[in-house]
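Each residue takes its place number in the sequence, starting with 1.
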Amino acid sequence: MTNWLRLSILGLWLAACVPGSFGVWIEPPPPPPPELPVPAPFESAEPPTLVPTGFAGLEAAPSVDRTLYYYEPLERWYRYAFNRWYEAFAWDGHWFPPEQVPEPLQDGPLSPP
């Protein structure tokens, strides 16, 4: 094999190892989605007083916050903050975005009772 052929093969092999050669492009991963703000837990010495809302299983807790609700069928608390609903297992617990909002709350917070 001649030196010219050896150099040609070596050059092609090296070019194949270089990213971006021969139309190969490595796309960087997309940036992670921005984290949603999460409201702070409520702090109070007394539990909220629940008031019926007119929707089956849904009660409001205006003594703590006018957008705090308890949904008895799921045994979950719901709170409207930062233009979206949040869910918690306790009224003074840590809030997280729910997978699904109960039907009475889907259109936004109800009027205070």
Donor-acceptor pair between E87 and Y78 side chains, under 3.5 angstrom
yes

Please check if atom CD in E46 has more than 12 non-hydrogen atoms from other residues, nucleotides or ligands closer than 6.0 Å.
no

Write down the atom of [X], the atom of [Y], and the distance for their closest heavy-atom approach.
X	Y	value
P97	R84	CB-NH2, 3.3 Å
W95	W91	CZ2-O, 3.5 Å
P102	Y71	CG-CD2, 3.6 Å
H94	P41	ND1-CG, 3.7 Å

Counting distance only, does the side-chain N/O of [X] pair as donor-acceptor with the main-chain N or O of [Y] below 3.5 Å?
X	Y	answer
S63	P48	no
T53	L58	yes
R76	L74	yes

To the nearest 0.5 angstrom, please state how far the CD atom of E103 sits from the CZ atom of F55.
9.0 Å

Value rounded to 0.5 Å, distance of CG in L105 from CH2 in W85:
4.0 Å

Could you give me the CA-CA distance, side-chain angles and deciding distance for F82 and L36, then say whether side chain to side chain contact (heavy atoms under 4.5 Å, CB included) is met?
CA-CA 9 Å; F82 306 115; L36 295 174; over 6 Å; no

Hydrophobic clusters here meaning ILVMFWY residues chained together by side-chain heavy-atom distances under 4.5 Å, can you tell me if L50 and Y69 are in one?
no

D92 versus S44: any side-chain heavy-atom pair under 4.5 Å?
no

Given W77, which of Y86, Y70, F89 fulfils the side-chain contact (heavy atoms from CB on, under 4.5 Å) condition?
Y70

